[in-house]
> 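Can you read through this structure? Questions will come right after.
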Protein chains: 2
Amino acid sequence: MIEEIIRRASELVTPTSEEERSVNLITNRVVEVLDKWVKSAGVNATVEVLGSSARSTWLPGQRDIDVFVIMERGEDIRKVVESLSNFLTEVGISWFVRYAQHPYVTLSIDNYEVDVVPCYRINPGEKPITAADRSPLHHRFLSERLTQTQRGDVRLLKQFLKTIGVYGAEIEVEGFSGYLTELLVLYYGSFVEVLKAVEKWRPYKTYITFFDTQKKFKAPLVVIDPVDPHRNAAAAVSLTSMSTFILAAKRFLKKPSLTYFTPGEVNVVLTNVVEIVFPHPQQPPEVVWGKYKRLGKTLYNWITECGFRVFRWGVESDEKSYVKLIYVLDQLSLGHYQLHKGPPVYDDSVHAFVEKYLESEVVGPFVHGSRVYVIKKRRFTEISQCITSRLGGGNYTIHINKYRGRLVSRNPWIT
Amino acid sequence: MIEEIIRRASELVTPTSEEERSVNLITNRVVEVLDKWVKSAGVNATVEVLGSSARSTWLPGQRDIDVFVIMERGEDIRKVVESLSNFLTEVGISWFVRYAQHPYVTLSIDNYEVDVVPCYRINPGEKPITAADRSPLHHRFLSERLTQTQRGDVRLLKQFLKTIGVYGAEIEVEGFSGYLTELLVLYYGSFVEVLKAVEKWRPYKTYITFFDTQKKFKAPLVVIDPVDPHRNAAAAVSLTSMSTFILAAKRFLKKPSLTYFTPGEVNVVLTNVVEIVFPHPQQPPEVVWGKYKRLGKTLYNWITECGFRVFRWGVESDEKSYVKLIYVLDQLSLGHYQLHKGPPVYDDSVHAFVEKYLESEVVGPFVHGSRVYVIKKRRFTEISQCITSRLGGGNYTIHINKYRGRLVSRNPWIT
């Protein structure tokens with residue numbers, strides 16, 4: 001049963017030979033151009049294809065190729081990027097510069113995006129200068145060890161994680177990076193062995209290391225980076241993402257299904273939902289997701305303080321035109337009164353509390369247990385009042401009960 | 001200021017000389033009759049007037065007089081009660097028998113109720129046979145020590161406690177008995193000194209004893225009974241009653257007012273209230289209050305489980321025709337869905353949880369933190385459905401938003 005599901009899933013996650021050919025073609029072409037540039041510009045660097053496209057662990061439909069310009073120390077990243085972009089313009093390839101921790105160049109060729117990332121050459125254990133410097137080491141560690149079968153297992157696992165919504169280390173997902181996925185297959189041996197191990201994972205107790213290391217990390221999941229024992233390769237994985245993986249592994253092993261690779265239909269349940277839709281601020285994704293997740297958490301606290309019960313909340317964005325905060329609520333309006341808890345009677349602050357409500361239209365002040373309470377008018381009885389009171393008259397729209405997305409749907413993969 | 005308030009309050013709580021005269025008249029008459037009976041029936045006992053009427057610590061308008069028949073061991077309570085009631089019938093006084101821990105006789109004379117309570121003579125420290133046996137010792141302890149001024153202070157304190165709703169050790173009130181009130185005045189010296197001490201009371205930390213005792217009691221307030229060191233004379237005082245007294249003492253000392261002796265007007269706030277009205281079961285008050293307070297607590301838990309927010313609840317009764325449970329709620333109806341929390345993903349019970357909701361119309365199952373959840377249909381969205389589902393089709397009526405009593409009123413005494 002499970003073998004049959006995995007066999008069919010493998011077909012789904014293996015690129016066609018045609019697809020593979022065109023990736024290779026484009027990669028070779030870019031490398032050729034870059035080699036020419038390195039030579040002509042006299043940059044002290046080598047050009048290397050790294051990442052999943054170099055290890056045959058990429059998923060069908062993926063349009064990203066990573067090419068690294070591994071520089072010797074002494075080279076200046078900004079100057080190198082400038083030289084490269086001038087060269088590309090000369091040879092007629094369209095490009096744009098992006099900024100992660102430092103600038104890199106993206107080429108757009110035949111609907112593929114090729115990231116050309118400059119980094120410094122370091123040795124294992126050596127302190128990296130930029131975050132990208134570890135990539136050549138990562139690539140070498142994996143490509144020297146992963147068997148052909150395991151590369152197929154990496155693809156299965158990536159697709160599995162993608163379907164259950166935890167693939168990617170970016171803030172949007174807070175999940176498992178491609179590199180981490182490959183490490184897991186290498187560590188446990190195969191796709192199925194990964195799941196069998198994950199079934200027994202325990203947040204904050206699972207510690208994976210390829211060598212003898214005892215460095216402590218406070219994170220739900222710790223996977224010591226084999227090329228840098230001071231780094232937790234799973235630092236981005238949130239408790240929710242790790243737990244989602246545990247649940248999915250348990251259920252898949254119990255009841256294997258193709259839905260873990262290609263999700264079933266989405267059934268929407270008509271609950272009470274409020275969306276706050278903002279125009280996209282036209283900043284980089286990591287900035288936008290970070291900012292709106294924080295705002296979402298603040299607003300969640302505020303909505304709860306207003307007295308509304310929030311069942312679930314989240315951030316969604318098309319990364320172009322909008323970002324929105326979504327709150328699934330018990331109700332959209334509340335009663336006109338609320339219970340307001342005061343201090344214990346033996347605390348001296350009880351005087352101020354009582355005096356505050358002496359002249360108001362309240363029930364009480366009365367005592368229950370050792371505390372004083374009043375039942376007083378609510379400030380906001382409508383969810384929109386509560387939200388507006390916090391966000392003010394900014395540039396956003398509130399939608400009530402229009403949302404039909406993931407947060408109010410049946411789980412599309414669980415069996 | 002405070003002296004003036006207390007002076008005016010003293011007038012309120014002192015019976016008129018006319019009232020005092022008629023109490024004495026009736027008391028003397030009853031004692032005379034009982035003395036005659038004891039002699040003629042050959043009962044080995046003495047007749048004594050105990051309680052507040054014997055100590056001038058009773059409140060105006062009080063219609064209860066306690067007369068005790070203190071028997072020597074060897075007498076049988078049932079036979080004594082039988083002999084007494086026969087005698088009363090002979091001399092033409094109307095009577096009825098009541099049952100507390102054991103039977104006693106109540107005489108109805110000129111709109112006064114005289115309780116004739118048989119008990120056994122014991123010495124201080126001796127183990128009582130019935131609960132009433134301590135009363136002669138209590139009376140002797142107090143009457144030997146309380147000064148005339150202190151007796152006035154007892155009346156003030158009784159009225160104060162009555163107004164704030166914590167006077168009486170019965171289950172309805174769970175407050176301060178008359179005996180306990182007198183002990184407090186004796187212990188602290190005066191009405192004002194009691195309040196000054198109470199202001200500093202701490203639930204579960206206040207321990208009052210007249211002698212050297214170290215017996216431990218687990219209760220909000222411990223006042224060792226001076227005639228029985230194994231008894232907490234404040235055992236009936238609930239945390240809420242003790243705390244109410246603390247709050248009232250603090251506020252009275254801060255802002256003295258006659259409202260603590262004769263409450264101000266009651267202002268009702270129009271919140272959402274549901275009442276469940278039962279016909280009075282025609283059982284003794286202690287039984288009825290105990291039963292309905294327990295039922296009220298059970299139903300409170302159930303209503304909360306249904307998803308309703310209860311601000312406050314209570315039991316009320318006229319002790320004749322009805323008993324009712326009252327719940328002050330945020331809302332009378334809820335949304336159609338609820339959040340339902342499942343086990344942690346690493347727990348094996350997660351399988352049963354997921355399987356239970358695989359075919360239902362739910363949001364999820366989804367993971368948040370380390371747990372799995374669903375958003376599912378609520379069983380009951382109306383408060384009346386929730387209540388009926390628990391109480392079944394019994395003999396009760398549900399009233400919505402008709403209640404106008406204490407539980408939805410401004411505090412009528414606080415300043």
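By convention in this document, chain letters (A, B, ...) are assigned in the order of the sequence lines, proteins followed by strands, and residues within each chain are numbered from 1. These numbers were taken from a predicted model, which means no experiment stands behind them.
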> Determine whether B:Leu407 and A:Val363 satisfy the following criterion, side-chain contact (heavy atoms from CB on, under 4.5 Å), listing intermediate values before the conclusion.
CA-CA 7 Å; B:Leu407 290 170; A:Val363 174; over 6 Å; no

> Looking only at heavy atoms and a cut-off of under 4.5 Å, which of A:Lys255, A:Lys254, A:Glu361 has the most pairs with chain B?
A:Lys254

> By the definition side-chain hydrogen bond (donor to acceptor under 3.5 Å, both in side chains), identify the one residue from A:His336, A:Gln331, A:Arg378, A:Gln338 that meets it with B:Asp330.
A:Arg378

> So which part of B:Leu270 gets closer than 4.5 Å to some heavy atom of chain A, the side chain, the backbone, both or neither?
backbone

> Test A:Val367 against B:Ile246 for side-chain contact (heavy atoms from CB on, under 4.5 Å), laying out the working first.
CA-CA 10 Å; A:Val367 173; B:Ile246 296 173; over 6 Å; no

> For the atom pair CD1 (A:Ile375) and OG (B:Ser409), what is the distance rounded to the nearest 0.5 Å?
10.0 Å

> With a 6.0 Å cut-off (strictly less than), is the heavy-atom count around NE2 of B:His368, excluding the residue itself, greater than 12?
no

> Is B:Thr381 close to chain A through its backbone or its side chain, or both, or neither, when contacts mean heavy atoms under 4.5 Å?
neither

> Salt bridge or not between B:Arg251 and A:Glu355? Use side-chain N to carboxylate O under 4.0 Å.
yes

> List the steps and the verdict of side-chain contact (heavy atoms from CB on, under 4.5 Å) for B:Arg312 and A:Leu339.
CA-CA 9 Å; B:Arg312 206 181 177 188; A:Leu339 184 66; 5.8 Å; no

> Measure the CZ-CG distance between B:Phe353 and A:Leu247 for me, rounded to the nearest 0.5 Å.
10.0 Å

> Report the distance from atom CZ of B:Phe366 to atom OG1 of A:Thr244, rounding to the nearest 0.5 Å.
10.5 Å

> Under a 4.5 Å heavy-atom cutoff, which of B:Gly307, B:Pro365, B:Ser243 has the most pairs with chain A?
B:Ser243

> Which one of B:Pro412, B:Ser360, B:Pro220 has the most heavy-atom pairs closer than 4.5 Å to chain A?
B:Ser360

> Taking A:Val374, A:Ile414, A:Val268 one by one, which has the highest count of heavy-atom pairs under 4.5 Å against chain B?
A:Ile414

> Go through the steps to decide whether B:Leu334 and A:Arg309 satisfy the test side-chain contact (heavy atoms from CB on, under 4.5 Å), and finish with yes or no.
CA-CA 11 Å; B:Leu334 299 171; A:Arg309 273 190 276 221; 3.8 Å; yes

> Can you give me the closest heavy-atom contact between B:Phe311 and A:Tyr337, atom names plus distance?
CZ-O, 3.3 Å

> Name the option with the most non-hydrogen atom pairs under 4.5 Å to chain B; the candidates are A:Gly369, A:Pro203, A:Pro344.
A:Gly369

> Using a cut-off of 6.0 Å, state whether more than 12 heavy atoms not belonging to A:Lys162 lie near its atom NZ.
no

> Given heavy-atom pairs under 4.5 angstrom as the criterion, report whether the side chain, backbone, both or neither of B:Tyr373 touches chain A.
neither

> Identify which part of A:Val362 has an atom lying under 4.5 Å from any heavy atom of chain B, answering side chain, backbone, both or neither.
both

> Using heavy-atom distances under 4.5 Å, tell me whether A:Ser238 contacts chain B through its side chain, its backbone, both, or neither.
neither

> Can you tell me if A:Lys293 has over 12 outside heavy atoms packed within less than 6.0 Å of its NZ?
yes

> Where is the tightest heavy-atom contact between A:Lys250 and B:Asp347, given as atom of each residue plus distance?
NZ-O, 3.3 Å

> If you count heavy-atom pairs under 4.5 Å between each of A:Thr415, A:Asn272, A:Leu329 and chain B, which one has the most?
A:Thr415

